[in-house]
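Numbered from 1 within each chain, the chains take letters A, B, ... in sequence-line order.
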Amino acid sequence: MQNNLKRTHHIQGLGLEHAGQRVVLNGWVNTRRDHGGLIFVDLRDRSGLIQVVFNPDISKAAFDLAERIRNEYVIAIAGLVNPRPEGTVNPNLETGQIEVFASELVVLNGAKTPPFYLDDDVEVDEGLRLRYRYLDLRRQEMKNNLLLRHKVVRSLRGFLDEQGFIDIETPILTASTPEGARDYLVPSRVHPGEFYALPQSPQLFKQILMVAGMERYYQVARCFRDEDLRADRQPEFTQLDIEMSFIDEDDVIGLSEAMISRAYKEALNLEIATPFPRLTYQEAMTTYGSDKPDNRFEMHIQDLTDLLQDSEFKVFAAAIKNKGVVRALNAKGCASFSRKEIDDLSQKATGLGAKGLAWIQVTAEGMKSPIIKFLTAEEIQAIISHLDAEPGDLLLFSADTEEVVARVLGGIRLELGQRLNLIDESLHSFLWVTEFPLLEWDEDEKRYVAVHHPFTSPRDPELLELEPQNATAMAYDLVLNGTEIGGGSIRIHQHSLQQKMFSLQGLSPQEVETKFGFLMEAFEYGAPPHGGIALGIDRLVMLMAGRDSIRDVIAFPKTQSASCPLTQAPSMVSEKQLQEINIKTIIK
RNA sequence: GGAGCUGUGGUGUAGUGGUUAACAUGUCGGCCUGUCAAGCCGAAGAUCGCGGGUUCAAGUCCCGUCAGCUCCGCCA
C-alpha cells in the first residue's frame, strides 16, 4: 500500500469495547456532513457504516483534507475510537454508540459523483443500475442479496459434503442435443463448420457419472438456454445439480427437504418444517389449476361436473358432453365486485383461453347472475352447498376441457389472491408435486414429447407399453410460493427401456445412436439405478430474499433482450475472428 | 413472433394542445463545532429517448422506431 494506513479493523463489530483504541479503517465515503468547523463522514466498508469525526483540534491536516473529499471517495483513516457524547448516539447505526476521531486521512482514490443515489429507497431505473452495476452493488440491499446467496450456497455445499456427495465439474463446451430448449452454440475453430453447445443442464454427464460409480454427485452448475427472458428466467442461470445411485423418490425428496431446511436455518435463521406437503400432479391441477400451486392461500377450485350432469344450461351441458368439466371458485366476500371488476376477470379468463366466465353474486337478497335463469333450483342449491357459498360471495365458473378449466381458474385464483391480499408474503411455503404425466402428445409434431425429460423413468413400464398417454413419471417438482424452484426424477437405467422411450418420442434408432449413443452404450456396462434433482439457485435465493426478480440476486444479470448494459455484450467481433472460426454473418 | 406499460435537468417525479417546462433531491459556491437524509443562503443544470406527421401552436395528439420492464408464445 502506498501509505502506512493499513487496515486494522473492519467496521462491523466495532463498539464501545473498542473505546480508547487506535483503529485504521479503509473504505468509501458514504455521506459527508460539513459543519464548517467540524466534519462528519460516514465511512462504509463491506461490513458496515461508522461515523468518523474530523476536528481541527485533533488534526488540522486531516480536517483540511476532509473538506475536499466527496461521496464515494476511497479513503483510509486512523484515529481513536470514542464513545459518542450523550444525546448523539445513533440507534439506527450498528456502530451508533461510538465514533472515530480521525487523526490521519489518506485519500486512496477520488470518485466522480455517482449517477444515482446509493443509499436511498429511491427506485432507480434498472438499466442504469445494470450499466453501473459496481455502484448498484454498493447498496446495502444488493450487498445483502449477494451475501445471502453466498450463505445459501455455502450451506448447500456443506450439507452435501457431509452426506458424502462429491463436487464434480462437467463440460461447458459440449454437444448439442435435439430435445429441449434452444442451444447456445460455440463454433469450433479446429473443426470448421462444427459447433459445441453450452449445456442446458449437466443431465447426461451426471447420469454417466452414476454409471462411473460416483454414487453421489453434486455441482453448482451454470446452465444456458437461448429462450426469451422473464423476471425469473435468465439465459444463463445456476442450478444445484444432484444425482444419486441406488435410491428411490423418497430418498431424493427427503434429502432435499433436509438440505433446504438447513439452508434456511443457516442463511436466514428461519425454521422450515419438514416434510413438505406432497400433491400429485392430478391433485394440483384439480385443486389449484396449476402444476406449481401457490398454497399460501386456500380458495380451492371445486369440481361441479357430477352435480351438473343433467344441466339444461348449454354452456355447462356442452362442456360435459365433450368430456370436459365444470369447476368453480368461491371468491369469498366479492359479491360487491362492480360490473367492471367482473368484466376484468372475464377478460383475464378469455386471455387464458376460456370462452367466457360465468358468475353468480350471492347476496342477502338472493342470486344475481346472467346464468341463474338457466339453472334449476336444485342445481343452484347443490352449487351453493358444494361451494359453501354465503351471502357476500362471488362464484366464478369455468366449463371447458379439463386443461382449459384448470388454466383459467388457476389464473383467476392467483389474480384474486393478489387482488384481495390473501397472500401472506412472510411465508415460505414449500410443496412437492409428484406423479407427473410421463408424456404429452404434441399435435404439431404428431408425436409424444417428454413432460420432464426423455430420461425419466415411468412408474409402470407395462402401462407405458399399453397406454403411453396415461403413463406417469417418477418425477417430482419442488414448488415454493407458487414458483417452481426445482425438479427431478428417477432415471431410466436400462438400455431397452430408454430405447423404448426414445422411440415413443419419435426418435429413430439412427438419431438415438448419433445423439445419445454414448449414453445408451454406457447403460450396457452396468448402470446402477439412479435419480436426482436440480434446484434453481437464483429462484430460491430470490424468494429467500423476498425479491420478485432473479436479476436482484445475480451480480451481473442480462436485460430482457439478453444484453449486458455493463459490458455491452453481445457485440460485434472482428472479421479476423470470424474468419478463424469459418463463420460468415448474413446480417448487414 | 405477439400484447401492454414506461421514457421530461445527474436521479426521482409533476406537467388541460397555448407565457420563460415545475418540484424534490443531488452537484457547485458561501456561512456554520454535534450532525447522522445536517441546516441556512446563492448558482448552475433539460433542445422533454429518436424520426416523421397533424396543428397557427406539440413534452402533451397520431404513426414509426429504439431502450427498459411485465406478460403470452417459447423455456425437454
Side-chain angles (χ1 to χ4, degrees), chain A residues 30-43 49-58 63 67 70-72 82 84-93 95-96 99 101 112-132 135 177-183 200-201 203-204 223-235 237 347-348 350-353 407 411 414-415 436 438-440 442 444-445 447-456 473 475 484 487 489 501-502 505 507 515 534 536 548-549 551 558-563 565:
Chain A
N30 196 67
T31 45
R32 175 176 158 279
R33 293 177 293 280
D34 186 343
H35 285 235
L38 197 63
I39 298 169
F40 299 97
V41 165
D42 290 341
L43 182 68
L49 280 179
I50 194 167
Q51 174 162 282
V52 179
V53 186
F54 291 92
N55 186 329
D57 300 339
I58 290 172
F63 177 84
E67 287 192 306
R70 292 293 180 268
N71 281 357
E72 300 309 315
N82 276 270
R84 291 204 188 186
E86 204 168 327
T88 67
V89 166
N90 183 351
N92 299 321
L93 216 55
T95 59
E99 58 195 3
F101 286 172
K112 291 165 78 171
T113 301
F116 54 88
Y117 308 114
L118 304 185
D119 50 358
D120 257 349
D121 300 322
V122 176
E123 278 291 313
V124 180
D125 176 70
E126 200 179 348
L128 197 65
R129 287 173 51 203
L130 292 181
R131 178 161 168 233
Y132 296 97
L135 298 178
T177 49
E179 300 285 313
R182 194 176 294 117
D183 283 321
Q200 295 179 26
S201 89
Q203 182 62 34
L204 293 170
C223 303
F224 306 86
R225 295 178 190 175
D226 188 4
E227 297 293 347
D228 286 347
L229 289 80
R230 293 283 189 281
D232 61 359
R233 270 164 41 186
Q234 285 271 305
F237 60 100
Q347 207 170 353
K348 169 111 189 162
T350 315
L352 291 164
R407 188 165 67 235
L414 285 182
E415 171 80 18
F436 274 80
L438 186 69
L439 298 164
E440 195 175 40
D442 186 321
D444 293 339
E445 300 191 31
R447 67 180 182 101
Y448 286 107
V449 294
V451 169
H452 187 59
H453 58 49
F455 316 107
T456 299
E484 182 197 329
S489 63
M501 275 293 283
F502 280 137
Q505 291 169 56
L507 268 78
K515 292 296 177 182
D548 45 26
S549 165
R551 293 186 301 273
K558 307 229 174 350
T559 66
Q560 191 161 51
S561 59
S563 51

**Student:** Just name whichever nucleotide pairs with B:G42, Watson-Crick or G-U, keeping both distances under 3.5 Å, else none.
**Tutor:** B:C28

**Student:** Check whether any side-chain heavy atom of A:Q51 lies under 4.5 Å from a side-chain heavy atom of A:N90, and answer yes or no.
**Tutor:**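 Contact flag for A:Q51/A:N90 side chains = no.
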
**Student:** Identify the two heavy atoms, one from A:L229 and one from A:Q560, that lie closest to each other, and give their separation to 0.1 Å.
**Tutor:** CD1-O, 3.4 Å

**Student:** Checking base pairs now: Watson-Crick or wobble, both atom distances under 3.5 Å. What partners B:U19?
**Tutor:**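 B:U19 is paired with nothing.
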
**Student:** Under 4.0 angstrom, heavy atoms only, what part of the nucleic acid is A:L128 near: base, sugar-phosphate, or nothing?
**Tutor:**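 Sugar-phosphate contact only - A:L128 comes under 4.0 Å of backbone atoms but never of a base.
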
**Student:** According to the Watson-Crick and G-U wobble definitions, with both distances under 3.5 Å, which nucleotide is paired to B:C75?
**Tutor:**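 Per the H-bond distance test, none.
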
**Student:** Looking at B:A38, I'd like to know if its phosphate oxygens (OP1 or OP2) sit under 4.0 Å from a side-chain N or O belonging to A:R33.
**Tutor:**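 Yes.
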
**Student:** Under 4.0 Å between any heavy atoms, over every strand shown, what does A:S563 touch: base, sugar-phosphate, or nothing? Just pick one.
**Tutor:** sugar-phosphate

**Student:** Scan A:N55 against the nucleic acid and name what it touches under 4.0 Å (heavy atoms): base, sugar-phosphate only, or nothing.
**Tutor:** base

**Student:** Ring of A:F40 versus six-membered ring of B:U35: centres under 5.5 Å and planes under 30°?
**Tutor:**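 Yes; by the centre-distance and plane-angle rule, A:F40 counts as stacking on B:U35.
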
**Student:** Please classify the nucleic acid contact of A:E99 as base, sugar-phosphate, or nothing, using heavy-atom distances under 4.0 Å.
**Tutor:** base

**Student:** When rounded to the nearest Å, what value does the distance between P atoms of B:A37 and B:G29 take?
**Tutor:**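 To the nearest whole Å, 23 Å.
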
**Student:** Please answer whether B:G34 and A:H35 are stacked, defined here as ring centres separated by less than 5.5 Å and planes angled under 30°.
**Tutor:**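 It does not: the ring fails the test against the base of B:G34.
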
**Student:** Within less than 4.0 Å of OP1 or OP2 of B:G73, is there a side-chain N or O belonging to A:R182?
**Tutor:**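 No.
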
**Student:** Using the P atom in both, what is the distance from B:A22 to B:G15, to the nearest Å?
**Tutor:** 15 Å

**Student:** Rounded to whole angstrom, note down the P distance from B:G17 over to B:C61.
**Tutor:** 7 Å

**Student:** For a quick check of understanding: with a heavy-atom distance under 4.0 Å over all strands, which category does A:T88 fall into, base, sugar-phosphate or nothing?
**Tutor:**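 Base contact.
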
**Student:** Do A:R129 side-chain and B:G68 base share a donor-acceptor contact under 3.5 Å?
**Tutor:**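 Not at all, since no donor on one side and acceptor on the other fall under 3.5 Å apart.
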
**Student:** Tell me whether the side-chain N/O atoms of A:R230 come closer than 4.0 Å to OP1 or OP2 in B:C72.
**Tutor:**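 Answer yes for this pair, as a side-chain N or O of A:R230 is under 4.0 Å from OP1 or OP2.
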
**Student:** Is there a Watson-Crick or G-U wobble partner for B:C48 with both distances under 3.5 Å, and if so, which one is it?
**Tutor:** none

**Student:** Kindly check if the number of other-residue, nucleotide or ligand heavy atoms within 6.0 Å of CZ (A:R131) is above 12?
**Tutor:**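 No, the 6.0 Å shell around CZ holds no more than 12 heavy atoms from other groups.
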
**Student:** Give A:E123 one of three labels, base, sugar-phosphate or nothing, depending on what nucleic acid heavy atoms sit under 4.0 Å from its own.
**Tutor:**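 The residue A:E123 makes sugar-phosphate contact but no base contact.
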
